[in-house]
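Remember, it's 1-based here, ligands and their atoms both numbered in the order they're listed.
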Amino acid sequence: MSRRVGLWLIGAHGGVATSVAIGLAALQRQLTDSCGLVSELPIFEDLNLIDWHNMVVGGHDIRQTDSLTEATKLASGMAAAIQPGLVDQCTDFLNELDQRIKPGILLNCGTTIEQLSHEARVQQVNSGRHAVQLIQDDLRAFADDQQCDSVVVINLASTEPIPDELQVPENWSDAERLLDQPDCPLPASTIYAIAALELGFGYVNFTPSLGSNLPALDQLAVERKTVHAGCDGKTGETFLKSVLAPAFARRNLQIMSWVGHNIFGNMDGQVLQDPINKKTKVDSKDHLLGQMLGYHPQSHISIEYIRSLGDWKTAWDHIHFKGFLGTPMVLQFTWQGCDSILAAPLVLDLCRFTEMAQQRGDVGMLVFLSSFFKSPMGTRENDFIEQFQLLTDWATRMSM
Ligand SMILES: NC(=O)c1ccc[n+]([C@@H]2O[C@H](COP(=O)([O-])OP(=O)(O)OC[C@H]3O[C@@H](n4cnc5c(N)ncnc54)[C@H](O)[C@@H]3O)[C@@H](O)[C@H]2O)c1
């Protein structure tokens, strides 16, 4: 009998989540082909990944809006990301989805994210433990109502600030006590992760927020025989960086400096205007160069919010490098990508691979998913080709 899988999105009304919903509707209705979907590559054919028709979406958000309004925004104006006709063909799907989107929680998210919310869409919580219980009530109800065999929770919420001086014991039973402290220091992304993992659901962090990136939460995942992965989807400029930097290294060309300027105008960009939220993202984009090259060239990353660009991100990268006889040379590239459209298929892929891994008995961190992330958990491997090999090796083992 075919399995039914619930995909629960934290940040369900955001640009990426709305594109995931439209994407899934379009796949179920055969309104699109498989372009952009890694899991549809012929090498994964024998895996028996979950069929698009057997996936159902739900989620949490903190804003008072609806999926059709958000989809219409993505399909209108000069910076449109999707065709308006596609939204028209998926309107019933989006309206139905709204019944499964529940008010989220705000805990240690910083003022910029708090300002996005509307009181009516936020659950009031007394403690970290209470927040976990409220989220779990929604997750259980979703799994029961939709008769899901399993649920994968994917964090697509706005980037949180890095928590200041957060001390979390490595052991889950000690860390768990933080939930009962009057001022629970854990950010919302970690609370959602705890809620999912405690129920034995898979958890994936597509954002650079803390999420499950703590030894205590890895231990929780192992105890509950479930899986987790993250952090921060690798979709555009950083994806190219992780392809190009190893190529320079293999030709023994020395990179002297790498400068990347990013401009875009969606709500993610608006949140990243706040320097404390921006720091989380810049750190996630910047760390991998040294790890791939074995030395640290001067690097600079800027991220600026330019409203008129909407979801279209332009990244201009300037790579100054040195060749034989010390001769300096330059590579420049300009990437003009539509952020949500790059991210959405990867979210659908991550749901399929995570569900399969859990079904086949994997537990803990899914290191084989590292090619999907800017800051992969459980490995320092950032070379895209090497990371992709981990995915294909896993698929080969699973197909045996
Ligand atoms: N688009 C990409 O290519 C890409 C790549 C890597 C990472 N990301 C990350 O994915 C996330 C989503 O990106 P986006 O463009 O959809 O952003 P977005 O701003 O459009 O959407 C974020 C959504 O999260 C909601 N939200 C914020 N805090 C929440 C909370 N505590 N609980 C529930 N909902 C909450 C917001 O209301 C909003 O609807 C961001 O963190 C972004 O940095 C995106």
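Considering backbone and side-chain atoms alike, Thr207 places every N or O at 3.5 Å or more from each N or O of ligand 1.
Every residue two or more places apart in sequence or in another chain was checked for a salt bridge (charged side-chain N to carboxylate O under 4.0 Å, His left out) with Lys225, and none qualifies. For Phe93, the ring-ring contact (aromatic ring centres under 6.0 Å, His included) criterion is met by no residue, not counting sequence neighbours.
You'll find the ring centres of Phe248 and Phe321 inside the 6.0 Å limit. Between Phe142 and Trp8, the ring centre distance stays below 6.0 Å.
For atom 6 (C) of ligand 1, the nearest non-hydrogen atom of the protein is Gly233 O, 3.1 Å. Here the protein heavy atom with the shortest distance to atom 20 (O) of ligand 1 is Gly15 N, 2.9 Å. Nearest to atom 12 (C) of ligand 1 among the protein's heavy atoms is Leu156 O, 3.0 Å. The single protein non-hydrogen atom nearest to atom 21 (O) of ligand 1 is Gly14 CA, 3.1 Å, given as residue, atom name and distance. Nearest protein heavy-atom neighbour of atom 37 (O) of ligand 1: Asp61 OD1, 2.6 Å. Of the protein's heavy atoms, Phe206 CE2, 4.0 Å lies nearest to atom 4 (C) of ligand 1. Annotation: atom 13 (O) of ligand 1 to nearest protein heavy atom, Val16 CG2, 3.6 Å. From the protein, the heavy atom lying nearest to atom 41 (O) of ligand 1 is Ala157 O, 2.8 Å.
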Decide yes or no on side chain to side chain contact (heavy atoms under 4.5 Å, CB included) for Leu366 and Val204, but give the supporting numbers first.
-> CA-CA 9 Å; Leu366 298 179; Val204 178; over 6 Å; no
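Residue contacts with ligand 1 leave out Val271, since none of its heavy atoms falls under 4.0 Å from the ligand. Ligand 1 has Ile105 within reach: a non-hydrogen atom of the residue lies less than 4.0 Å from it.
In this pair, Phe368 and Trp394 present their aromatic rings parallel. The plane angle is below 30°, not in the 30 to 60° band.
Of the N and O atoms on the side chains of Asp98 and Ser67, at least one donor lies less than 3.5 Å from an acceptor on the other residue. Judged purely by distance below 3.5 Å, without hydrogens or angles, the side chains of Asp138 and Gln123 pair a donor atom with an acceptor atom.
When non-hydrogen atoms are compared, ligand 1 lies under 4.0 Å from the side chain of Lys374 (C-beta onward) but not from its backbone. By the criterion of a heavy-atom distance under 4.0 Å, both the backbone and the side chain of Asp268 are placed next to ligand 1.
Crowding of Phe324 atom CZ: a count of heavy atoms from other residues, nucleotides or ligands under 6.0 Å not exceeding 12.
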